[in-house]
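Pasting a structure below so you can have a look.
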Protein chains: 2
Amino acid sequence: MTRHALDAVRKQSLSESAYRQLSDKILRNEYAPGDPLPAERELSEALQVNRGAVREAIKRLQQAGLVAVRHGSKHVVRDYLSEGGLELLPNLLVDKQGRLNGAVVRSIMAMRSSLAPDIAAAAAKKGGKALAEELDALLSQMRADQKDLKALQDHALAFWQKLVARGGNIAFRLAFNSMTKTYTQVWDVLTPVLEKEFRDFDNLGAIAKAVRQGDAGRAREAGLRHVEIGRSALERALRKLDGGDAP
Amino acid sequence: MTRHALDAVRKQSLSESAYRQLSDKILRNEYAPGDPLPAERELSEALQVNRGAVREAIKRLQQAGLVAVRHGSKHVVRDYLSEGGLELLPNLLVDKQGRLNGAVVRSIMAMRSSLAPDIAAAAAKKGGKALAEELDALLSQMRADQKDLKALQDHALAFWQKLVARGGNIAFRLAFNSMTKTYTQVWDVLTPVLEKEFRDFDNLGAIAKAVRQGDAGRAREAGLRHVEIGRSALERALRKLDGGDAP
DNA sequence: TGTGGTCAACTTATCATACCAGTTGGGAAA
DNA sequence: TTTCCCAACTGGTATGATAAGTTGACCACA
């Protein structure tokens, strides 16, 4: 898995474009909660696509908690803050101009600090020697790849993927995936900012050791120390940018 | 908001039925990661719906991380454990026969214990006196409604909704929504099981007080004590059932 | 005044058919 | 052996039509 490789070239489907435009308008409050969306036939004309594509987009908006759908009535915009799920996070991180939303970044880092310690603890309880071996092998690889920050970044993600996969907690796993989808949008931007975290072999090593010993408490502590390194680094970077919009 | 009131009667759309059948097959591993899904035209015949409905369902599967879509190739099932997001959690909690999956319940309660303390802490930092007033009012209402466990349940949810809404953390907010969507499927089942938590006025009061004082540490501790009550209760209930499948 | 019924206009839901755009694997040619 | 071509298959899009549900206006009746 190489996140800085060239990306597949793929034509975006019309329904995908429609979904993005509509979800963007909703998330930017151009269509406010309670507002009716234009009728499907109107949207079809406005977006210059057939109505099937509009319907496909709207089904996705419904799934994302962005609109309420009732047969025979116009679709009504919902309050995503109260009704939307974690899958919306990628849409909120970066605006149309590609700028990072500082408040969203801080939110994500806070949530990472909530989850990562318990992910590490669960892995220490459930992972056993086999997981510890895998983590040790990965750490060795990281030490060998020290010159290559991009590779370190990928290894660090793989480290956490191993932890969350073996901790036996499906909720952590799915939340982890949702958050990873969010970061990977700005993967290259994160590379220099989180360098210290990617090189934090001490705490990652402590987690691996705690996993070997089945010591959840130690894993939790080391997990927290580790992600707080990244959180502080990002906080510093954000202060430099002095940006951030609250949704 | 009354979760035990009569529910709106609404016909399920054909594309909704198709989505459910297909997502269920994927989540139960009847279609395994890497398997191609039957072609759209085939699914249209098998499901006895027109192809438009199949396409709508498939767009939703794609959005949920359950299938990969490529123009000209069959849709391929993805590994939702690695690719799926938190929005899948409601689908995993209850099986087709309406039985609770114990491992999913435990996962959710663990994640709640990870998030709730920090949600309370964030609210204490950001909420101010206005929030504290609202929480106090709600607690008064809860005390007045002590005889009505259903009402207590709703108030308890409202308490946490206020906390998460005012903590200024969008990630917590969206995760909270995703988890709430999951519990509300089994809302009535939870009523007797979580009774002690709904009556935990002491810790809820301590959170409200911490909010008034801007004391994040106290809020965090009280928040953790509070949700651990529910977690223990559910653990006891699960042991009685002696059930649970791991996904 | 409040309630129930009817109706037209609007909206979503579904369907069928046709054509376009991309993928894949087999066979032929170099 | 490699490259190219092509048919069959697949998803993507479009169009036009009909069915099912919603809403508000209007009317009748108690």
Side-chain angles (χ1 to χ4, degrees), chain A residues 6-23 25-26 31-78 83, chain B residues 5-23 25-26 30-78 83:
Chain A
L6 298 175
D7 293 325
V9 176
R10 195 123 296 149
K11 250 173 80 173
Q12 193 170 65
S13 71
L14 296 180
S15 73
E16 173 75 31
S17 294
Y19 171 73
R20 288 193 179 188
Q21 283 192 57
L22 293 173
S23 61
K25 281 185 188 306
I26 292 167
Y31 293 135
D35 282 357
L37 224 46
E40 289 176 4
R41 288 178 175 98
E42 250 183 275
L43 289 172
S44 177
E45 281 200 29
L47 294 166
Q48 287 290 298
V49 295
N50 78 92
R51 205 172 132 225
V54 171
R55 290 190 57 75
E56 285 172 18
I58 284 168
K59 287 303 175 193
R60 292 176 60 188
L61 293 174
Q62 182 185 19
Q63 175 144 322
L66 294 172
V67 299
V69 169
R70 258 169 83 201
H71 186 167
S73 292
K74 287 189 174 191
H75 308 302
V76 176
V77 176
R78 292 167 87 178
E83 312 277 352
Chain B
L6 299 175
D7 292 326
V9 176
R10 195 121 297 150
K11 249 172 82 173
Q12 188 170 71
S13 72
L14 297 180
S15 71
E16 174 73 30
S17 294
Y19 172 73
R20 289 193 180 189
Q21 283 192 57
L22 294 172
S23 62
K25 281 184 188 308
I26 293 168
E30 289 179 42
Y31 293 135
D35 283 357
L37 225 48
E40 289 178 4
R41 289 169 177 104
E42 249 184 276
L43 288 172
S44 176
E45 281 200 32
L47 294 166
Q48 287 290 296
V49 295
N50 79 92
R51 205 172 132 220
V54 171
R55 288 188 57 78
E56 285 172 18
I58 283 167
K59 287 304 178 195
R60 292 177 60 190
L61 292 175
Q62 184 186 19
Q63 174 144 321
L66 294 173
V67 299
V69 170
R70 257 170 85 203
H71 186 167
S73 293
K74 289 193 176 187
H75 308 302
V76 176
V77 176
R78 293 168 84 178
E83 313 276 351

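All chains are named by letter (A, B, ...) in the order of the sequence lines, taking the proteins before the strands, and each is independently numbered beginning at 1. Keep in mind it's a predicted model, so treat the numbers as computed, not measured.
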5' precedence on DNA chain C between B/Arg41 and B/Glu56 (nearest-nucleotide basis):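 Mapping each residue to its closest nucleotide by heavy atoms, the 5'-most match is B/Glu56.
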Per A/Val49 side chain, nearest of listed nucleotides D/dT13, D/dA14, C/dC15: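 Of the candidates, D/dA14 comes closest.
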Within-4.5 Å side-chain heavy-atom neighbours: A/Ser23 and A/Leu61: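 Side-chain contact under 4.5 Å: yes.
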Toward the 5' end of DNA chain D, by each residue's nearest nucleotide, A/Gly72 or A/Ala53: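 Final value for this comparison: A/Ala53.
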Euclidean distance, atom CG of residue B/Leu61 to atom C1' of D/dG11 [Å, nearest integer]: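 Distance, rounded to whole Å: 15 Å.
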Length of the line joining A/Arg55:CZ and D/dT15:C1', which is rounded to integer Å: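 Distance check: A/Arg55 CZ to D/dT15 C1' gives 15 Å.
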Any donor-acceptor N/O pair under 3.5 Å between C/dG22 base and B/Arg70 side chain: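 No, no donor-acceptor pair under 3.5 Å.
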A/Leu14 CG to C/dG22 C1', straight-line distance once rounded to whole Å: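 Interatomic distance, CG of A/Leu14 to C1' of C/dG22: 14 Å.
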Pair A/Arg20 + A/Glu16, salt bridge at N-O below 4.0 Å: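 Answer for the salt bridge query: yes.
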Candidate nucleotides C/dT14, D/dG12, D/dG21, ranked by approach to the side chain of A/His71 - the nearest: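 So the nucleotide nearest the side chain must be D/dG21.
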4.5 Å side-chain heavy-atom contact, A/Ile58 and A/Leu43: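 A side-chain contact exists here, since the closest heavy-atom pair is under 4.5 Å.
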Pairwise side-chain contact, B/Lys59 with A/Tyr19, heavy-atom cut-off 4.5 Å (strictly under):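 With C-beta onward as the side chain, the pair stays apart.
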d(NE2, A/His75; C1', C/dC10) in whole Å: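 Rounding to the nearest Å, NE2 of A/His75 and C1' of C/dC10 are 13 Å apart.
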Nucleotide of C/dC15, D/dG12, D/dG21 approaching B/Lys59 most closely (side-chain heavy atoms):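 Nucleotide nearest to B/Lys59's side chain: D/dG12.
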Distance in angstrom units between B/Lys11 NZ and D/dT22 P, rounded: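 Whole-Å distance recorded here is 10 Å.
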Shortest side-chain distance from A/Ala39, nucleotide among D/dT13, C/dA13, C/dT11: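 That would be C/dT11.
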D/dG21 OP1/OP2 closer than 4.0 Å to side-chain N/O of A/Ser73: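 No, outside the criterion.
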Pair B/Glu45 + B/Arg41, salt bridge at N-O below 4.0 Å: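 No, B/Glu45 and B/Arg41 are not salt-bridged.
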Rounded distance (Å) that lies between atom P of D/dA14 and atom CD of A/Glu45: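 Distance, rounded to whole Å: 13 Å.
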Distance, rounded to the nearest Å, where B/Leu47 contributes CG and C/dC15 contributes P: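 Rounding to the nearest Å, CG of B/Leu47 and P of C/dC15 are 11 Å apart.
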Separation of atom CZ in B/Arg51 from atom C1' in D/dG11, rounded to whole Å: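 Computing the B/Arg51:CZ to D/dG11:C1' distance gives 6 Å.
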Per A/Asn50 side chain, nearest of listed nucleotides C/dT14, D/dG12, D/dA14: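 Nearest nucleotide to the side chain: D/dA14.
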